[in-house]
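Here the structure comes first, spelled out in structure tokens, and everything after it is commentary.
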Amino acid sequence: MKGGATQVNEPSPAPLDFEVVEARGERHAATPTMVFGCRVREGSGASIFTIALTCQINLDPARRRYDHEARARLVELFGEPQRWGATTHSFMWARQSVLVPSFTHETSFEIPVVCTYDLEVSSAKYFHSLSDGEIPLTFLMSGSIFYKGPGGALRVVPVPWDKQARFALPVTTWRRMIDAHYPKGSWIRLQRNTLESLERYKAGEGFPSFDETVADLLRRTHTQ
């Protein structure tokens, strides 16, 4: 080579190893947001510019046990407990894309997940039905790895589809996040015409909140 220069062959990325190490509710988010702290390792020492990572997070209800009260609350979602062997299959909670920063060997990154408390959404209904224990999650990774190839050229290879990581999210962590945004509250979805009727009833009776309006309707129902 000219001037006696030596071509340095950069190593190609070895298979990646992903790990989810912690979870916390984002304190200052406008809406409930769970942040998962993650770690990725690469064994060859390749110079990774970034990973354009897409993560699908699945709930795995069959991977935990349920007490009698939880089983009763989950009937609407999974059916009668004797059918749970066929109905408690894995289902998607969220899908999130992030950019992993440059690293060699190992780095940490975060996956933020905006959470709904709409109890007609399956994931929120499942979380709400649990009073203790852990929520079993599987993180399915995909995307593209951008790394330094021979001569410093940029190279791109896909993240293998079999890359995943499991994590047990404490129910208390989820509840603290929800309570920080909706203390002592929960949410239900109403059709627009139902909400309009409820608003007219609330205004006509002079109730200051929807909670008191619904409580009054329930009292009237129970006294009939």
So which atom in [X] and which in [Y] form the shortest heavy-atom distance, rounded to 0.1 Å?
X    : Y    : value
R24  : T173 : CA-CG2, 4.3 Å
G45  : T104 : O-CG2, 3.5 Å
R83  : G79  : NH1-CA, 3.8 Å
F91  : S122 : CE1-CB, 4.0 Å
L130 : R64  : CD1-NH1, 3.6 Å
K163 : L16  : NZ-O, 2.6 Å

Test of ring centre spacing under 6.0 Å for F139 and W93: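 Not under 6.0 Å, so no.
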Under 6.0 Å between ring centres, would you say that holds for Y66 and W84? yes
May I have the step-by-step check of salt bridge (Lys or Arg N to Asp or Glu O under 4.0 Å) for D179 and R176, ending in yes or no? CA-CA 5 Å; D179 288 344; R176 281 198 300 268; over 6 Å; no
Who pairs with R192 by side chain to side chain donor-acceptor pair (under 3.5 Å), at least two apart in sequence or on another chain?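 With neighbours one apart ignored, the set is empty.
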Residues that T138 engages under side chain to side chain donor-acceptor pair (under 3.5 Å), provided they are two or more places apart: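 Residues passing side chain to side chain donor-acceptor pair (under 3.5 Å) with T138: D60, R63.
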Do the side chains of [Y] and [X] get nearer than 4.5 Å, heavy atoms only?
X    : Y    : result
C115 : M177 : yes
V98  : C55  : no
I145 : E42  : no
P61  : F78  : yes
L169 : E134 : no
L198 : K202 : no
L59  : L137 : yes
I57  : F167 : no

Could you verify whether a donor N or O on one side chain and an acceptor N or O on the other, from R200 and S197, lie under 3.5 Å apart? yes
Can T54 and Q56 be counted as having a side-chain donor-acceptor contact under 3.5 angstrom?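 Checked: T54/Q56 side chains show no N/O donor-acceptor pair below 3.5 Å.
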Q191 atom CD, neighbour heavy-atom count above 12 within 6.0 Å: no
Can you tell me how the ring of W174 sits relative to the ring of F127, calling it parallel under 30°, perpendicular over 60° and tilted otherwise? tilted
From [atom1] ([X]) to [atom2] ([Y]), nearest 0.5 Å:
X    : Y    : atom1 : atom2 : answer
T221 : D216 : OG1   : CG    : 9.0 Å
E22  : S108 : CD    : OG    : 8.5 Å
M34  : E110 : CE    : CD    : 13.0 Å

